Amino acid sequence: MLTPDEVVYATLLVLSVPFGCVIRLVKDAKQRQLLCGVTGFLIVAIVCRWHLIHSLVTMLINSAIIVLFKRRSNILSFIWCFGYLAFFRTTYLFGIPRPPALSNAVQLLMTLKMVGVAFEVTDTHHRNQKTNNTEEITTEQARLQHKYEDIHPSFLDLCLYSYCYIGILTGPYYKYKVYIDMIEDTKFNRTIPTVEPMLNRIKFAALYGLVFILCSDYFSIEYAASDEFYDQPFWYILFYMVPMFVTFRMRMYSAWVLSECLCMTAGLGVYPIESSPRSGQGPSDLKKLEESETKDSIEYDYETVHNLREWGCEVSPTVREGMRSWNMTVQYWLATYVYRRVPVKSMRTVITMSVSAFWHGIHPGYYLSFLLVPFIVWAEDLMANSYRKHTTPQRQKIYDCVSWILKMRAFEYMAMGFLLLTFEGTVRYWHSIYFMGHVLTLFFYRLGSNKDRAAGRFTQSRIVDVLVLFILNRYIF
């Protein structure tokens, strides 16, 4: 059954979908911006109550950093927002009550938006500085970037963006530029699809929500953490992670699809298809975007706010591909503002996974799960390079089927860390099934390494050996 907080959360999320139609009736850009911001602030006040102070402090100081220190605002903002996130997660150490779960959701999205807009402002500053030094825009791409990517928000603009009701509880993450395009669109009354794509998408949210409610009535993580659970047979304990992961992802699916519908009714993230919009980014072909301004007949889509590709999550054969289809706007944020900014290429994946784990929370279960991902991906790549690409198309299909089965088991295995949260609870469950995920990762890593002995890969395989053998010696033998 749903908890009272979950009922409030679901109700606000559902009511926000038709509210987008109200937003589209407001023709004045400033009024539209104010209505979006005030509505979001009220939603946060309802779900967080006095814990609203956390998001308020984060927003006010971060906005001041951006306005005062444009050149270095990205680094300062990252340090401030993630530093406050650490304090937010440990308030109990200072005698301050723990924030409720919904406050945590708000703080997570606030952190992404505040750090993201700081990077946008810094990138704009650097582009303008380069232009001022040369006194001319040297390339067509630079001209288009100035026209379609530069932002110059005021302090009030930043405040209203941070509390915009769209995505305040569940995402998706969207850039300030995407937000301001919705607010300042001079063609706001143009005929763009809103209701039809929303109806096509929302039916899936209803299905996912129903599956979640049914599964949560029969399977609970509280039971998996109890002593009674470990009195069950091995096969029961092993396969219990299957329905737990179904429950987990149906909950996320329903919330994310509803949030996409919310964007559609408000007209956020709608761009011409020919501009090749990408999830989280917006238009990637700025030349086509400019050309579309003079056209009368345009096809649009909402790929910019598309946060979930269920087909990719469910049927893709590898963990790498599955992750790319999951929470895609946050994947964009991590790739753009963390992965590509790390100067040491060999450390990019580990650092990005660490930042992602810290963003999700400080529970050890997150780190135990996230830090397993690079090793699984390395094992997948080795196996694919050593076996899949050297066999016949028919055998490749068989390989992909087996890979899909193992991918789903890997996600279920790691999901238990996300759900159990504690180090003791996660290790206890993994120990009860003999650290099967770690052992299989090592097995396939070594199997792939036997056919691909490149020096770099061999070094990585030795790292995996040491880590897995440590686990086996410490917790099994």
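Computed from a predicted model, the values in this text were never measured in an experiment.
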Can you give the donor-acceptor pairs under 3.5 Å from side chains of residues 104-115 to other protein atoms, not counting sequence neighbours?
from, atom 1, to, atom 2, distance (Å)
N104, OD1, R89, NE, 3.2
Q107, OE1, S55, N, 3.4
Q107, NE2, T58, OG1, 2.8
T111, OG1, Q107, O, 2.8
K113, NZ, Y161, O, 2.8
K113, NZ, S162, O, 3.4

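Distance check: L156 CG to S63 OG gives 9.5 Å after rounding to the nearest 0.5 Å. The line from OH of Y148 to CG of D285 is 11.0 Å long, rounded to the nearest 0.5 Å. Interatomic distance, F248 CZ to S216 OG, rounded to the nearest 0.5 Å: 14.0 Å. Atoms OH and CE, from Y84 and M59 in turn, are 12.0 Å apart once rounded to the nearest 0.5 Å. From L52, atom CG reaches atom OG of S103 across 8.5 Å, with rounding to the nearest 0.5 Å. Between the CD1 atom in I376 and the CG atom in L371 there is a gap of 11.5 Å [rounded to 0.5 Å].
Taking the six-membered ring wherever Trp is involved, the centroid distance between the rings of H363 and F418 does not fall below 6.0 Å. Y367 and F370 have their aromatic ring centers separated by at least 6.0 angstrom. No close placement of the Y271 and Y300 rings is indicated, their centers lying 6.0 Å or farther apart. For F78 and F82, the ring centers are positioned less than 6.0 Å apart.
For OH of Y92, the number of neighbouring non-hydrogen atoms (other residues, nucleotides, ligands) closer than 6.0 Å is greater than 12. Enclosure of atom CZ in F239 is not indicated, since only 12 or fewer non-hydrogen atoms of other residues, nucleotides or ligands lie within 6.0 angstrom.
With sequence neighbours left out, Y240 forms a side-chain hydrogen bond (donor to acceptor under 3.5 Å, both in side chains) with no residue at all. Residues passing the side chain to side chain contact (heavy atoms under 4.5 Å, CB included) test with T39 are F19, L35, I43, Y165, sequence neighbours excluded. Residues passing the side chain to side chain contact (heavy atoms under 4.5 Å, CB included) test with P364, sequence neighbours excluded: F423. For D231, the salt bridge (charged side-chain N to carboxylate O under 4.0 Å, His left out) test picks out no residue, with sequence neighbours left out. Taking Y413 as the reference, H438 meet the side-chain hydrogen bond (donor to acceptor under 3.5 Å, both in side chains) condition, with sequence neighbours excluded. Every side chain to side chain contact (heavy atoms under 4.5 Å, CB included) that D28 has, sequence neighbours left out, goes to K30, Q31. Under the ring pair (Phe, Tyr, Trp, His ring centres under 6.0 Å) criterion, W359 pairs with no residue at all, not counting sequence neighbours. By the side-chain hydrogen bond (donor to acceptor under 3.5 Å, both in side chains) test, N307 pairs with N327, T329, sequence neighbours left out. Residues satisfying the side-chain hydrogen bond (donor to acceptor under 3.5 Å, both in side chains) criterion with Y223, sequence neighbours excluded, are Q232. For P18, there are no side chain to side chain contact (heavy atoms under 4.5 Å, CB included) partners at least two apart in sequence or on another chain.
Taking the six-membered ring where the residue is Trp, W50 and H54 present tilted rings, their angle falling between 30° and 60°.
Checked by atom type, the side-chain pair N74/E120 shows no donor-acceptor distance below 3.5 Å. Between the side chains of D400 and S403, no donor-acceptor pair of N or O atoms lies under 3.5 Å.
Closest non-hydrogen pair, E380 versus R320, comes out as OE1-N, 3.5 Å. Between S276 and S284, the shortest heavy-atom distance links the atoms O-OG, 2.5 Å. Here the closest non-hydrogen pair linking L258 and V17 is O-CG2, 3.9 Å. Of all non-hydrogen atoms in S325 and C313, the two that sit nearest each other are O-SG, 3.4 Å. When all heavy atoms are compared, the tightest approach of I362 to Y366 is N-CD1, 4.4 Å.
Looking at E274 and K295, a side-chain N of the basic residue comes within less than 4.0 Å of a carboxylate O on the acidic one, giving a salt bridge. A salt bridge links D123 with R341; the closest basic N to acidic carboxylate O contact falls under 4.0 Å. Under a 4.0 Å N-O distance rule, the pair D227/R428 qualifies as a salt bridge. Taking 4.0 Å as the cut-off between side-chain N and carboxylate O, R409 and E412 count as a salt-bridged pair.
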side-chain contact (heavy atoms from CB on, under 4.5 Å) between V44 and I168, worked out: CA-CA 8 Å; V44 174; I168 195 70; 3.5 Å; yes

Chi angles and distances behind the ring-ring contact (aromatic ring centres under 6.0 Å, His included) call for F212, Y208: CA-CA 6 Å; F212 163 69; Y208 302 146; over 10 Å; no

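Applying the salt bridge (Lys or Arg N to Asp or Glu O under 4.0 Å) rule to pairs touching residues 247-266 yields E6-R251, R201-E260, R249-E314, sequence neighbours excluded.
Checking T426, L368, V427 one by one against L420, the side chain to side chain contact (heavy atoms under 4.5 Å, CB included) holds for a single residue, T426.
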